[in-house]
Amino acid sequence: MSNLSATIEPTGHAAPASEDAMDTVTRTGSETLSMNKAINAALADVLAENPRALVLGEDVGQLGGVFRITDGLQKRFGAERVFDTPLAESGILGMSVGLAMAGYHPIPEVQFDGFTYPAINQIVTQMARMNFRTRGALPMPITLRIPSFGGIQSPELHSESLEYIFAHVAGLKVVSPSSPHQAYHLMRHAATRPDPVVFMEPKSRYWQKDTVDFDDPGTLEGSVVVRPGRHLTLVAWGGMVARCLQVAELAAEDGIDVEVLDLRWLKPIDAAGLAASVSKTRRAVVVHEAPRSAGLGAEVAQTITEACFGTLKAPVERVTGFDVPFPSGSLEAEYLPNIDRILYGIQRVLEYQRG
Amino acid sequence: MTEAPRLEPHSTALPADELVELYRLMTKVRHLDTSAIAWQRQGILPGYAPMQGQEAAQVGSVRAMDTGRDFVFPTYREMGAALAAGVDMPEFMATHKATWNGGLYDATKYRFTPIQTVIAGSALHAVGWGHGQRLDAIREGRPETDLPTALIFLGDGASSQGDIHEAMNFAGIFKTPVVFFVQNNGWAISVPTEQQVAGGSVAARGAGYGIPAIKLDGNDVEAVVRGTRAAVEHARSGKGPAIVEAMTYRRGPHSTSDDPGRYRTLEDERRDAGADPIESLRDRLLADGTLDADAVTAIQAEAADFEEATRLAVQAQGPRPGAEMFEYVYQEQTEALKQQATQWREESEHV
Ligand SMILES: Cc1ncc(C[n+]2csc(CCOP(=O)(O)OP(=O)(O)O)c2C)c(N)n1
Ligand SMILES: [Mg+2]
């Protein structure tokens, strides 16, 4: 077996890896990257910095993952630190729990959102509770990567929005980036936390390029306003953020000034950020892909209502998936919140009459 | 395809002093177990999962480990294993006292994971932890021939769970230092092993995974220690996992709220229980002159004293402060949780 630290090699942007266990990674300046490349870069940096970080999952090694997010990592860091597991999601998560008990920071990948279901038991009854059960003696620094949400006409159970489960589970934290910049920095942040973080990657955005500023990550906790506006706040996360930005452009043509708030952290949700935005705009629409009933939109709406009831001009509107199983690809456009449906939601809020 | 090597019991017979120590431990365990049922009747504990009949399996298997560097992954019925591993008993009983789910003991101090209520829930943890021991050796440039090893307990009922298949398969693929210790005690609550284990033997499944296995008399503590030692030697030396299936019997009810009369008769129990693991060891030690009647009496008195001290400590164990609910959810507490903790304090403590 090779020595693990000896398998760390320098790459283009990273500072040369030392022989020591710890490497400090300094990427500087900015670069235009697709989201999949940005996450790949973040994982490489995490692996270089923390000799106890591990990447595991189905096809993540030689192949580099079906979405190529782990491309090249096994070659660079060795098959001990980046490894394929047998095809069993409960096994991947259960093994990650044990690796965390042994002092490692596993970064497991579940290949597609819907195949997280076979691992729900390990995630909910074990990973999320172990710190609590052991009164902090066995923390669970695990970063669970899940290619998530719809938008690419994929087969059944490849388009789930699992925040509807995980944002409810005590002991988990849940985050979803909406851009390459967010993806790079949120991954580096999530993968250095001492608690389990579910990292939901919007697969419809994997190939979209944008600037990643390595020098200024910006704030890493809470939500971010990605477009300021005066008349109404659109709250979204993951793949819906880009769509809401498009909607905001269209609404601007009609003189409606829409603020878009990227919620980012789905647990804990940023109550202060929501309140700050909506206390200014006094109207809000929350947009998500998951079915409406008991979805995270309800939590967002109630959080806004509690903070802004006195000044709200209309009830918080929800534009969401329907209460149906995520349909086949040819019906996907009917199911997902589209530009028209979001505009209707905005209209309902703007035209709302009290009493 | 890999042929699973046969696992033979460790060749060295146990010395007399080790047998006496095993008898001491098992006597303590029996006394405490019987008492814990009484404590439940007396209202000291809300519930308890008795393990009478499984003392040899639990004490013997843990004694085969190196408790200074190995790690034990129990279920909810492993009081005997916990005692043998040196876990603080009042802190262990805290789970049954409803003080803290999983127990109050420090899992890292005793190298004994918290009490697991999810059947088969810990098996993959043992595999992950064991894999971590391999990675440690590789990172530190040590040969993978002397590895800290995981001991994972599971029941005949647990063997039906998918996680056990995944754990055995992963362990076989990764050559993980893990010993799967199956206590086949005949029952999973009310369902007998015949209706649980297709093929009749969990050990036999090892062949399919290329994992060596041994099936042994779980009521004979020497057989348990020697069989488990062989399994641990195999795993520790880097050859991969091993399976021990200890055939034993759950002499008591499933739990203090169970009524075995609904699914088995006293006659069934007398017929199927096999030898009492403690009485047979005592008779053996008396017969070969290792112990005399006075020594046996002294060991029993020691067990009674231990029970009394444990009971007093369990009785004195008060509830945990409610603030701990909020404290241990995360390493990095969230703002929402801080607010809920504050609200709870204001509304329940009127401060
Ligand atoms: C996943 C799960 N399903 C059901 C239960 C309820 N339950 C608790 S113990 C038990 C029987 C377990 O039998 P076995 O594995 O043979 O262990 P034993 O009780 O004999 O020690 C059941 C069904 C549980 N705790 N976890
Ligand atoms: Mg059983």
Side-chain angles (χ1 to χ4, degrees), chain A residues 1-5 21 51-52 54 56 78 80-81 83 85-86 88-104 106 118 121-122 125-126 128-141 170-173 193-196 221-222 265 267-272, chain B residues 71 73 100-109 113-118 120-141 143-144 148 150 162-163 165-167 169-170 172-174 176 178 320 324-325 327-332 334-337 339:
Chain A
M1 289 291 174
S2 61
N3 183 292
L4 280 180
S5 51
R52 289 186 161 265
L54 304 169
L56 66 155
E80 283 82 31
R81 298 192 56 206
F83 58 94
T85 65
E89 288 74 15
S90 189
I92 293 167
L93 268 296
M95 183 177 192
S96 295
V97 169
L99 283 163
M101 288 174 164
Y104 285 84
N121 174 40
Q122 283 295 332
T125 76
Q126 307 301 320
R129 284 170 178 252
M130 196 59 73
N131 188 72
F132 189 79
R133 193 180 290 150
T134 63
R135 305 167 58 77
L138 290 173
M140 291 285 115
L172 297 182
K173 294 183 180 177
R193 304 271 57 78
D195 292 306
E221 299 290 345
W265 286 91
K267 186 180 185 79
I269 66 171
D270 181 10
Chain B
F71 222 107
F73 296 74
W100 194 264
N101 291 333
L104 279 172
Y105 56 92
D106 180 345
T108 56
K109 176 176 167 193
T113 54
I115 291 155
Q116 175 67 269
T117 65
V118 180
S122 297
L124 285 156
H125 308 170
V127 175
W129 182 87
H131 191 65
Q133 307 316 303
R134 280 195 52 212
L135 294 179
D136 283 350
I138 296 168
R139 256 177 354 106
E140 292 159 16
E144 293 176 66
D163 268 15
H165 162 64
E166 295 189 23
N169 191 49
F170 274 54
I173 292 287
F174 291 118
T176 317
V178 173
R320 303 304 304 172
E324 288 189 353
M325 286 191 293
E327 190 181 331
Y328 292 121
V329 183
Y330 298 104
Q331 293 278 320
E332 292 178 338
T334 64
E335 203 48 49
L337 216 40
Q339 281 172 18

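Note that the structure is a prediction, hence the values are computed from the model and not measured. Below, read A as the first sequence line, B as the second, and so on, with proteins coming before strands; counting in each chain starts at 1.
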| query | Can you name the closest pair of heavy atoms from B/F174 and A/P86 and give their distance? | reply | CE1-CD, 3.9 Å
| Given the options B/N169, B/T334, B/T108, B/D136, which has more heavy-atom pairs under 4.5 Å with chain A than any of the others? | B/D136
| query | Looking at B/S122 and B/Q116, what are the two nearest heavy atoms and their distance? | reply | OG-NE2, 2.9 Å
| said: Heavy-atom cut-off 4.5 Å, strictly under: side chain, backbone, both or neither for B/N101 against chain A? | reply: backbone
| query | Is there side-chain contact between B/R134 and A/E80, with heavy atoms separated by less than 4.5 Å? | reply | no
| message | Is B/E324 close to chain A through its backbone or its side chain, or both, or neither, when contacts mean heavy atoms under 4.5 Å? | response | both
| Portion of A/A88 that has a non-hydrogen atom of chain B nearer than 4.5 angstrom | both
| said: With chain B as the partner, which of A/R133, A/M101, A/Q126, A/R135 has the greatest number of non-hydrogen pairs under 4.5 Å? | reply: A/R135
| request: Locate the shortest heavy-atom distance separating B/G121 from A/Q122; write the atom from each residue and the value. | output: O-NE2, 3.1 Å
| message | Quick check: do B/L135 and A/L54 have side-chain heavy atoms less than 4.5 Å from each other? | response | yes
| Given a strict heavy-atom distance threshold of 4.5 Å, which part of A/R52 is in contact with chain B: side chain, backbone, both, or neither? | side chain
| task | Pick one of side chain, backbone, both or neither for A/N131, based on which atoms fall under 4.5 Å of a heavy atom in chain B. | result | both
| Part of B/I115 within contact of chain A (heavy atom distance under 4.5 Å) | backbone
| query | Which atoms of A/E221 come close to chain B, meaning under 4.5 Å heavy atom to heavy atom: side chain ones, backbone ones, both, or neither? | reply | neither
| What are the two closest heavy atoms between B/P114 and A/L138, and how far apart are they? | CD-CD1, 4.4 Å
| message | Would the distance check show the side chain of B/Y330 and the main-chain N or O of A/L172 forming a donor-acceptor pair, the cut-off being under 3.5 Å? | response | yes
| task | Examine whether an atom of A/M130 lies under 4.5 Å from a heavy atom of chain B, and if so say whether it belongs to the side chain, the backbone or both; otherwise answer neither. | result | side chain
| message | Can a side-chain donor-acceptor contact be found between A/R193 and B/Q331 if the only test is distance below 3.5 angstrom? | response | no
| query | Of the listed residues (B/L104, B/T113, B/V127, B/D106), which shares the most heavy-atom pairs with chain A below a 4.5 Å separation? | reply | B/L104
| query | Side chain, backbone, both or neither: which part of A/I269 has a non-hydrogen atom closer than 4.5 Å to chain B? | reply | neither
| note | Honestly, the part of B/Y105 sitting under 4.5 Å from a heavy atom of chain A is neither
| request: Could you tell me which portion of A/T125 (side chain, backbone, both or neither) has an atom closer than 4.5 angstrom to a non-hydrogen atom of chain B? | output: side chain
| said: Out of B/Q133, B/H131, B/E332, return the one with the most heavy atom pairs under 4.5 angstrom to chain A. | reply: B/E332
| query | Nearest heavy-atom pair of A/G171 and A/P196: which atoms, and what distance? | reply | O-CG, 3.3 Å
| note | NE2 of B/H125 to OG of A/S96, rounded to nearest 0.5 Å, is 9.5 Å
